[in-house]
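Accompanying notes for the structure given below.
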Amino acid sequence: MALAAASPSPRDAAGNQLEPLKPTTEQTARLCTGDQRWCAGIDDDSATLSVFTGPTSAAVASVELEQDEDETLAVWPQMARLAAPGAGVLIGVERRRSASYSGGGGSTTVLELIQVWPDRSRPPRSVLTVPLKGEIMIRACFSKQDFADRKGACQDIYTFDAALTLAPETASGPPKFQFATLAKAFPPKASRDTPTPSFKRLKKSELVPTPDLACSYRRVLAFDAKSQTYQPDSPLPDCDDYTTP
């Protein structure tokens with residue numbers, strides 16, 4: 001199972017567009033669209049997301065982000081430009097957490113989408129939060145026998161990658177998104193809920209990362225007018241093994 005790769009500037013049938021944000025020579029602290037009509041940046045000291053209508057213009061919107069002590073923030077290098085007049089844009093914030101512990105560690109990234117109106121007609125609002133990436137390694141050998149039984153593969157490894165792309169068939173209204181994930185465990189028997197040394201005598205066929213079908217899934221995310229947030233067409237599974245450091 002492979003994740004779908006987003007084309008450079010895909011549009012849906014309604015005219016909503018997902019486009020890349022890149023650094024500019026004028027203001028490297030900001031990421032901007034190719035036409036430099038929209039830019040965004042995060043002030044690390046104040047944990048404030050600011051949105052601009054140009055690489056050197058003043059902010060048209062600012063959002064004070066809640067930030068945990070173990071969390072770093074970055075602008076998601078894509079932006080959804082909404083087709084409806086005055087609807088603004090969806091700016092993403094990547095929330096990265098990391099942890100280290102005896103014999104291992106890990107990091108995970110969560111994506112939060114925030115809708116911003118350039119005319120300040122409404123306050124910015126958070127409309128979607130989904131897991132984006134995870135990589136966790138846990139020590140699994142505690143003795144020479146463990147080392148022999150696991151054929152030298154002395155770490156359990158959990159990886160998680162997700163892709164958020166436009167659903168191209170959307171003909172009107174807010175964009176819909178396709179959300180695809182790929183989770184892999186090494187070895188395939190690994191579970192953070194079970195002491196790994198109990199998994200004795202790995203086979204050679206188990207010495208490769210293996211997709212976890214329960215946490216490798218596809219969903220369509222649509223805007224729900226009642227909650228004012230994006231909701232999946234079916235619930236997301238619990239994949240804390242991959243998305244919690």
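Each residue takes its place number in the sequence, starting with 1. Model, not experiment: these values are computed from the prediction.
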- Task: Is it possible for you to say whether L236 and L128 belong to one hydrophobic cluster, with membership spreading through side-chain heavy-atom contacts below 4.5 Å?
- Result: yes

- If every non-hydrogen atom of P168 is compared with every non-hydrogen atom of L166, which pair is closest and at what distance? CD-O, 3.2 Å

- Query: Distance only, no hydrogens: is a donor on one side chain within 3.5 Å (strictly under) of an acceptor on the other, for Y158 and D212?
  - Reply: no

- Does a donor on one side chain and an acceptor on the other come within less than 3.5 Å for T229 and Q231? yes

- Task: Output, in order, the C-alpha distance, side-chain angles, deciding distance and verdict of side chain to side chain contact (heavy atoms under 4.5 Å, CB included) for V51 and W38.
- Result: CA-CA 7 Å; V51 181; W38 289 96; 3.8 Å; yes

- More than 12 foreign heavy atoms under 6.0 Å from CD of E169: is that the case here? yes

- Message: Set out, in order, the CA-CA distance, both residues' side-chain angles and the distance that settles side-chain hydrogen bond (donor to acceptor under 3.5 Å, both in side chains) for E112 and S126, then state yes or no.
- Response: CA-CA 7 Å; E112 179 184 8; S126 178; 2.8 Å; yes

- Item | Q17-R81 side chain donor-acceptor pair, cut-off 3.5 Å | no

- Message: To the closest 0.5 Å, what do you measure between CG (L49) and CG (D43)?
- Response: 10.5 Å

- Item | CG on L21 to CE on M79, rounded to 0.5 Å | 6.0 Å

- Establish whether F223 and L82 are linked, either directly or via other cluster members, by ILVMFWY side-chain heavy-atom contacts under 4.5 Å. yes

- Item | pair F147-C154: side-chain heavy atoms closer than 4.5 Å | yes

- Item | Heavy-atom side-chain proximity of P175 to Y230 below 4.5 angstrom | yes

- A99 to P245 - nearest heavy-atom pair and separation: CB-CB, 4.0 Å

- What closest approach, in Å, do T108 and Y242 show between heavy atoms, and which atom pair accounts for it? CG2-O, 3.7 Å

- Task: Give me the ring orientation class for Y217 and F160: parallel if the planes are under 30° apart, tilted from 30 to 60°, perpendicular past 60°.
- Result: tilted

- Rounded distance [0.5 Å steps], CD1 in I136 versus OG in S98: 11.0 Å

- Query: Are the side chain of D233 and the backbone N or O of V220 linked by a donor-acceptor pair below 3.5 Å?
  - Reply: yes

- Can you measure from CD (E94) to CD1 (I42) and round to the nearest 0.5 angstrom? 9.0 Å

- Considering all heavy atoms of both residues, which atom of P124 and which atom of V116 are nearest to each other, and what is their separation? CB-CG2, 4.2 Å

- Are any side-chain N or O atoms of R219 and backbone N or O atoms of S234, one a donor and one an acceptor, separated by less than 3.5 Å? yes

- Query: Between the side chain of S62 and the main-chain N/O of S50, is any donor-acceptor distance below 3.5 Å?
  - Reply: no

- Is a donor on one side and an acceptor on the other found under 3.5 Å between the side chain of Q115 and the backbone of A87? yes

- Assess whether side chain to side chain contact (heavy atoms under 4.5 Å, CB included) is satisfied between I114 and V127, documenting all intermediate values. CA-CA 6 Å; I114 298 172; V127 296; over 6 Å; no

- Task: Indicate yes or no: at least one non-hydrogen side-chain atom of I157 is less than 4.5 angstrom from one of I138.
- Result: no

- Query: How far apart are the C-alpha atoms of T129 and V110, what are their side-chain angles, what is the distance that settles it, and do they pass the side chain to side chain contact (heavy atoms under 4.5 Å, CB included) test?
  - Reply: CA-CA 7 Å; T129 301; V110 170; 3.3 Å; yes

- Message: Quick check with a 6.0 Å cut-off and a 45 degree axis cone: is R30 positioned over the face of F52's six-membered ring?
- Response: yes

- So, S46 side chain and D44 main chain: donor-acceptor pair closer than 3.5 Å or not? no

- Message: If only side-chain N and O atoms count, and only distance matters, is there a donor-acceptor pair under 3.5 Å linking S107 with R97?
- Response: no

- Message: So, taking the atom named CD in Q67 and the one named OG1 in T48, what distance separates them when rounded to the nearest 0.5 Å?
- Response: 10.0 Å

- Task: Using a strict cut-off of less than 4.0 Å between a Lys/Arg side-chain nitrogen and an Asp/Glu carboxylate oxygen, indicate whether R96 and E71 qualify as a salt bridge.
- Result: no

- Do the side chain of S216 and the main chain of L213 share a donor and acceptor less than 3.5 angstrom apart? no

- Task: May I ask you to check whether over 12 heavy atoms, not counting those of Q228, lie within 6.0 Å of atom CD?
- Result: yes

- Taking atom types as modelled and ignoring hydrogens, do the side chains of E135 and T159 form a donor-acceptor contact shorter than 3.5 angstrom? no

- Message: Quick check against the 3.5 Å criterion: does T243 have a side-chain atom that pairs as donor or acceptor with the backbone of K133?
- Response: no

- Message: Let me confirm one number: the NZ-CG distance from K22 to L31, rounded to the nearest 0.5 Å.
- Response: 11.0 Å

- Message: Taking the side chain as everything from C-beta on, heavy atoms only, tell me whether L111 gets closer than 4.5 Å to V93.
- Response: no

- Considering all heavy atoms, the nearest F186-L207 contact: CE1-C, 3.2 Å

- Taking every non-hydrogen atom, the tightest pair across L182 and P211: CD1-CB, 4.4 Å

- Query: Do any N or O atoms from the side chain of D12 and from the backbone of S172 form a donor-acceptor pair under 3.5 angstrom?
  - Reply: no

- Does the side chain to side chain contact (heavy atoms under 4.5 Å, CB included) test come out yes or no for L73 and L65, once each step is laid out? CA-CA 9 Å; L73 305 173; L65 303 168; 3.8 Å; yes

